[in-house]
Protein chains: 2
Amino acid sequence: MYRRKIPEMAITRLSIYSRILADIDDGRTISSKELAELSGHSDSQLRRDLAYFGQFGMPGKGYQVKELKRRIHGILGIDRAWNVALVGAGNLGSALARYKGFEEQGFKIKAIFDNNIRKIGRTLGNITIQDAEELGETIKKRNIEIAVITAPTEAAQEVASRLAEAGVKAILNFAPIRIFAPAEVKLVNVDLAIELENLSYFLAKARKGNDQ
Amino acid sequence: MYRRKIPEMAITRLSIYSRILADIDDGRTISSKELAELSGHSDSQLRRDLAYFGQFGMPGKGYQVKELKRRIHGILGIDRAWNVALVGAGNLGSALARYKGFEEQGFKIKAIFDNNIRKIGRTLGNITIQDAEELGETIKKRNIEIAVITAPTEAAQEVASRLAEAGVKAILNFAPIRIFAPAEVKLVNVDLAIELENLSYFLAKARKGNDQ
DNA sequence: TAGATTGTTAATCGATTAACAATC
DNA sequence: TAGATTGTTAATCGATTAACAATC
């Protein structure tokens, strides 16, 4: 086992392997070749990705599916539940609050905040929307470590700062703006406009007659 | 101007530069150093990203903001409007349909499909939800080139195949599954669970006492 | 002209792939 | 044992960074 800097993409791929493994029987073994093909990567890369974290397989046999799942879940931190707060109960926030997939993966929404007086007190997926003023106190009280920002662009930085101050350790930001957080807070951005622009770039390029 | 393979990340960064430039006055010039700082990259990288597409600046002066915006918009294909279809009018689909940001960037939702009889005929952000059966015909009739899949996981591959067959050129897939499309269809996946798992990986690592 | 800043090359860095000895 | 497949090294590939001649 040798630990260097681990490429972020390797973590993303571990999530993908884990997704594929979920549909595979615990009792059997699987080779790096088979699992790699199912997930759209090379066997070489899969073995390399796993090697960052130790030895998992049996030469000549492959990987014990049950054990491999367990190890990958441990690495990804999804062998336990995480408490999550959602800030911003607009369209996207509401959709995420109702999305079953999070709960299934162990991400439990424990608080939802908004500053719109008409939304405060209503419930969303059986969580009561709270006044954003209560953010700091609630986050501490409910041991919330992950926050999802679905607030409007103008409010995003202020929200991020307050989340960091309240002790949140990781932020998933959907506001289309660069936000700053202390170095100890892990920040990931999901920007839907950027994804669409990626598509339109390819379309425009194809139109101009370049080689894909 | 020299054209090699252009890193996908360079395109993502162009979107970010474009976002920053939107708030900057058309009349002035801006140096690679200033724009790079505002967007969180290096000046060297910014010049490199632009260089893939030609010469934009004036040595000694910097870039004319108005012209730079125009060129980047052209590269990204956001100097025109694109017709978009949304497949799946559930929570996420509804949120995206109501999201103003798309329209502003020139991504115009021209059709929404679902196969739930109770949803068909209702409207979402002034588009009438249509029966998914009408997908092929409608896509052709309305010149839709981009589709967004917000259908359930089980339906995603079938939807993608029908979209490709109908002539869609690019697909943004929100279903947490690997889908296949013909090589000429550009496919981008946005997977919320993977993003959250990226966060939990870092949290779990920090817990185990490793260096961030 | 002197100062500033580009566009581009060459050097560096990091990630992926190929190959294979070790091992079941 | 023969065949299969791992874990890891070395080679390759690609992206980022540093440096600077060209230019305004």
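Just so we're clear, the structure is a prediction, and the values are computed from it rather than from any experiment. A, B, ... follow the sequence lines: proteins, then strands. Residue 1 opens every chain.
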Side-chain ion pair, [X] and [Y], N-O less than 4.0 Å:
| X | Y | result |
| --- | --- | --- |
| B:Arg19 | A:Glu197 | no |
| A:Arg70 | A:Glu67 | yes |
| B:Lys100 | B:Glu104 | no |

Value in whole Å for how far the [atom2] atom of [N] lies from [atom1] of [X]:
| X | N | atom1 | atom2 | value |
| --- | --- | --- | --- | --- |
| A:Lys33 | D:dT5 | NZ | P | 8 Å |
| B:Phe53 | C:dG7 | CZ | P | 14 Å |
| B:Leu68 | C:dT5 | CG | P | 15 Å |
| B:Asp43 | C:dA4 | CG | C1' | 12 Å |
| A:Gln64 | D:dA4 | CD | C1' | 16 Å |

Q. Using a distance-only test with no angle check, is there a side-chain donor-acceptor pair under 3.5 angstrom linking A:Glu165 and A:Ser161?
A. no
Q) Counting just side-chain N and O atoms, does B:Tyr63 come under 4.0 Å of either OP1 or OP2 of C:dA4? A) no
Q. Between A:Ser32 and D:dT6, is there a side-chain N or O to OP1/OP2 distance below 4.0 Å?
A. yes
Q) Under a 3.5 Å cut-off on both pairing distances, which runs of 3 or more consecutive Watson-Crick or G-U pairs involve DNA chain D? A) C:3-24 with D:3-24
Q.
If we ignore hydrogens and angles and just use 3.5 Å, is the side chain of A:Asp114 paired with the main-chain N or O of A:Ala89 as donor and acceptor?
A. yes
Q.
Between A:Asp25 and A:Gly27 (side chain of the first, backbone of the second, donor and acceptor by atom type, cut-off under 3.5 Å), is there such a pair?
A. yes
Q. Tell me, for nucleotides 14-24 of chain C in 5' to 3' order, what letter each nucleotide earns: B for a base near a protein heavy atom under 4.0 Å, S for only sugar-phosphate near one, - for neither?
A. SSBSBB---BB
Q: Kindly determine whether A:Glu145 and B:Arg207 satisfy salt bridge (Lys or Arg N to Asp or Glu O under 4.0 Å), including the steps that lead there.
A: CA-CA 12 Å; A:Glu145 291 174 279; B:Arg207 288 245 168 149; 2.7 Å; yes
Q: Could you tell me whether B:Lys69 atom NZ has more than 12 heavy atoms of other residues or ligands within 6.0 Å of it?
A: yes
